[in-house]
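A quick write-up on the structure given underneath.
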Amino acid sequence: MSERSSLVRGMRDLYEDELANIRLVETVFSETLESYGYALIRLPIMERTALFSRGIGEATDAVSKEMFTFDDETESLSLRPEGTASCVRAVIDANMYRGHQPKLWYIGSMFRHERPQLGRYREFYQVGAEAFGFSGPDVDTELIRIVQDVWESLELAEEITLEINTLGNTPSRKQHRDALVEYLAQYKAQLDEDSQRRLEQNPLRILDSKNEQTQKIIEQAPSISDYLDAESRRHFDEFQERLVRLGIRATVNPNLVRGLDYYTHSVFEWNTDKLGAQKQVGGGGRYDGLCELLGGAPCPAAGFAIGVDRVALLRNELGLASQASSPDVYVVALSDDEEDYALQVAAKVRAASSLSVRVHQGAGKVKARMRAADRSGATIALIIGAQEAASNQVSLKWLRINREQVTVPVAELPSTLLNSN
RNA sequence: GUGGAUGUAGCUCAGUGGUAGAGCCCCGGAUUGUGGUUCCGGAUGUCGAGGGUUCAAAUCCCUUCAUCCACCCCA
């Protein structure tokens, strides 16, 4: 016997109810984004490693220890750990932003080499949107409004909270960073190990440390709000005012910094407390410097990314699971002799309606065939025995409601089915 | 990457050294052309994998893989 093959760690086969929920989330995002005029862009799963180390940041965990990276002949390639860097690269490559302000959305698998747990997988699905060429906070709030629309469509608005913050523009950010490093350096010995390391590489990230002692030190740390210049302050104020006008509730969290390096000005995260340790279902913000950083012309931009798996999982946890689709109609030939006739009937129903029709296959006694019809979840069984076949008729039985079975000529079948709801 | 728990039938699980079990599911019959309820009967296992100890291992030991939880990180 050959060795049984099995799933690679952190990968999943998706089917039935779990997939149904994921597809629902994807569909709602797709329809909502298209309704706001965002255009789908399909991006490759693999990029040069350098794109991510430059675009996302060498010091981030996502890049430094979570990427699937391998050497291909002369260059290092990686499976994408997120979508923004690829999207920006594509916009630069095709010069899409020359005289235009593209609004794009994407969906697909992302890969991170982490220890799997509930709501966290090595291949996971993200849907994201990016708007290029707009520097005002009206775009930031539009992105949030889009996601809010999705939460409402998915009946999740009550379960997901929004946190916001600003990181300021580059000069403000630098001033704050310097002050922060100076402050934290005094307490270096008391910081947790990770934070000590970050002091050099990525001091902002220390702000969202969960370590208790570190948090105490952070309470007194210089806040970004004291270092915002006039432009940065105006952007953030208007951002917040617009959220209020759009009827969106948000909490300002001064320690919200996001894990990825490219953000400026507005940053935001959507959280839930219903998924165990996995709190975050999505996040986003403004990244005015990224296009230039990746070798393009300067171009303001903002975007978000949502974890499709986590949103679907949240619906599951709340009992909002959508069900895998069942056929509408199940055609049962009572013996193999009527099989050809049953296939013709099924073809007629498909041609005359949009109903999904499944035909019984395989041998079996009548009882077993009817049981299969019931189990398929179909609402109607079309029963075909010798009598029906001989007289060009079909017996129609409702499986989910109490209604008397009828036998009708095949020609009348489509209208009978359409009137049967 | 670190720590802890778990892995036995399709599913949920019992079984702690001596013949692998239950419930649900599935199949057949009661009901020769009618499912879903009821009654009767039946089938089903690399006990996660590999190695070791033992007369004997699902059970004890080692290794490994996977899942779950927490940390970390993020979606």
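What you see is a predicted model; the values in this text were computed from it and never measured. Lettering follows sequence order; numbering is per chain, from 1.
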Subject >> Upstream residue (5' side of RNA chain B) when Gly364(A) and Arg258(A) are each assigned their closest nucleotide >> reply: Gly364(A)
Original post:
Considering only the C1' atoms, how many Å lie between rG21(B) and rU44(B), rounded to the nearest integer?
Top reply: 13 Å
Original post:
What does Arg80(A) touch in the nucleic acid at a heavy-atom separation under 4.0 angstrom: a base, only the sugar-phosphate, or nothing?
Top reply: nothing
Subject >> Sugar-phosphate, base or nothing in reach of Glu269(A), heavy atoms under 4.0 Å >> reply: nothing
**OP:** Determine the interatomic distance between C1' on rU46(B) and the same-named atom on rG7(B); round to the nearest Å.
**Re:** 15 Å
Subject >> Greater than 12 external heavy atoms within 6.0 Å of Arg12(A)'s CZ >> reply: yes
Subject >> Counterpart base for rG28(B), defined by Watson-Crick or G-U wobble contacts under 3.5 Å >> reply: rC40(B)
Subject >> Euclidean distance for P, rA14(B) against rA22(B) (whole angstrom) >> reply: 16 Å
**OP:** Counting heavy atoms from C-beta on, name the nucleotide in rC74(B), rG33(B), rG35(B) closest to the side chain of Leu399(A).
**Re:** rG35(B)
Original post:
Among rC27(B), rG33(B), rC72(B), which is the nearest nucleotide to the side chain of Arg371(A)?
Top reply: rC27(B)
Original post:
Do Ser395(A) and Glu388(A) have side-chain atoms, one donor and one acceptor, less than 3.5 Å apart?
Top reply: yes
**OP:** Just call it for Arg12(A): base, sugar-phosphate, or nothing, with non-hydrogen atoms closer than 4.0 Å on any strand.
**Re:** nothing
Original post:
Base, sugar-phosphate, or nothing: which does Gly83(A) touch, judged by heavy atoms less than 4.0 Å apart?
Top reply: nothing
Original post:
Across all strands shown, which nucleotide pairs with rU67(B) by Watson-Crick or G-U wobble geometry, both distances under 3.5 Å?
Top reply: rA5(B)
**OP:** Could you please name the partner base of rU53(B), counting Watson-Crick and G-U wobble pairs only when both distances are under 3.5 Å?
**Re:** none
**OP:** Give one of base, sugar-phosphate or nothing for Tyr125(A), where a contact means two heavy atoms less than 4.0 Å apart.
**Re:** nothing
Subject >> Residue Arg375(A), side-chain heavy atoms: nucleotide from rC26(B), rC69(B), rC74(B) that is nearest >> reply: rC26(B)
**OP:** Ignoring hydrogens and angles, tell me if any N or O in the side chain of Asn165(A) forms a donor-acceptor pair with the backbone of Leu256(A) under 3.5 Å.
**Re:** yes
Subject >> Nearest-angstrom distance from the residue atom CE of Met67(A) to P of rA75(B) >> reply: 14 Å
**OP:** For the side chain of Glu66(A), starting at C-beta, report the closest nucleotide among rA75(B), rG33(B), rC73(B).
**Re:** rC73(B)
Original post:
At under 4.0 Å, does any side-chain N or O of Gln405(A) touch on OP1 or OP2 of rU34(B)?
Top reply: no
**OP:** Return the nearest nucleotide to the side chain of Lys397(A); candidates are rC74(B), rC68(B), rG35(B).
**Re:** rG35(B)
**OP:** For Ile383(A), report the nucleic acid contact type (base, sugar-phosphate, nothing); a contact means any heavy atom under 4.0 Å.
**Re:** base
Original post:
When all nucleic acid strands are considered with a 4.0 Å heavy-atom cut-off, which category describes Ala386(A): base, sugar-phosphate, or nothing?
Top reply: base
**OP:** Starting from C1' on rC69(B), measure out to CG on Leu313(A) and report it in whole angstrom.
**Re:** 14 Å
Original post:
Does Lys365(A) have a side-chain nitrogen or oxygen under 4.0 Å from the phosphate oxygens OP1 or OP2 of rG29(B)?
Top reply: yes
Original post:
OP1 or OP2 of rA75(B) sitting under 4.0 Å from any side-chain N/O of Arg120(A)?
Top reply: no
Original post:
Counting only side-chain N and O atoms of Arg122(A), is one of them less than 4.0 Å from OP1 or OP2 of rA75(B)?
Top reply: no
**OP:** For nucleotides rC11(B) and rG17(B), find the distance between their C1' atoms and express it as a whole number of Å.
**Re:** 29 Å
**OP:** Test for a donor-acceptor pair under 3.5 Å between the base of rG1(B) and the side chain of Glu114(A), counting only N and O atoms.
**Re:** no
Subject >> Whole-Å gap separating C1' (rA5(B)) and CD (Gln117(A)) >> reply: 14 Å
**OP:** Compare all side-chain heavy atoms of Ser266(A) with those of Thr166(A) and state whether any distance is below 4.5 angstrom.
**Re:** no
Original post:
Within less than 4.0 Å of OP1 or OP2 of rC74(B), is there a side-chain N or O belonging to Gln280(A)?
Top reply: no
Original post:
Distance only, no hydrogens: is a donor on one side chain within 3.5 Å (strictly under) of an acceptor on the other, for Asn169(A) and Ser232(A)?
Top reply: yes
Original post:
Does a donor on one side chain and an acceptor on the other come within less than 3.5 Å for Trp398(A) and Gln405(A)?
Top reply: no
Subject >> Inter-nucleotide P distance (rU16(B), rC26(B)), Å rounded >> reply: 31 Å
Subject >> Atom-pair distance (CG on Leu275(A); C1' on rC74(B)), nearest Å >> reply: 13 Å
**OP:** Would you kindly compare Ala62(A) and Met370(A) by the position of their nearest RNA chain B nucleotide and give the one closer to the 5′ end?
**Re:** Met370(A)
Original post:
Between rG33(B), rG35(B), rA75(B), which one does the side chain of Gln126(A) approach most closely?
Top reply: rA75(B)
Original post:
How far, in whole Å, is rC25(B) from rU38(B) if one measures between their P atoms?
Top reply: 8 Å
**OP:** Could you tell me whether the phosphate oxygens of rA66(B), OP1 or OP2, come under 4.0 Å of any side-chain nitrogen or oxygen in Arg115(A)?
**Re:** no
Subject >> rC74(B) and rU6(B), which share atom name P, separated by this distance in whole Å >> reply: 31 Å
Subject >> Nearest-angstrom distance, C1' atom, rA9(B) to rA5(B) >> reply: 24 Å
Subject >> Length of the line joining Tyr263(A):OH and rC74(B):P, which is rounded to integer Å >> reply: 11 Å
Original post:
Strictly by modelled atom types, are Glu219(A) and Gln215(A) linked by a side-chain donor-acceptor pair under 3.5 Å?
Top reply: no
Original post:
Rounded to whole angstrom units, what separation is found between the CG atom of Asn21(A) and the P atom of rA75(B)?
Top reply: 22 Å
Subject >> rC72(B) pairs with, by Watson-Crick or G-U criteria that keep both distances under 3.5 Å >> reply: none
Subject >> Length of the OH-P vector between Tyr330(A) and rG36(B), whole Å >> reply: 14 Å
**OP:** Provide, to the nearest angstrom, the distance between the CD atom belonging to Glu16(A) and the C1' atom belonging to rC11(B).
**Re:** 12 Å
Original post:
Looking at CH2 of Trp151(A) and CD1 of Ile146(A), how far apart are the two atoms once the value is rounded to the nearest 0.5 Å?
Top reply: 12.5 Å
**OP:** Kindly indicate whether the side chain of Asp374(A) and the base of rG35(B) share any N or O donor-acceptor pair separated by less than 3.5 Å?
**Re:** yes
Original post:
Between Asn271(A) and Thr161(A), is any side-chain donor less than 3.5 angstrom from a side-chain acceptor?
Top reply: no
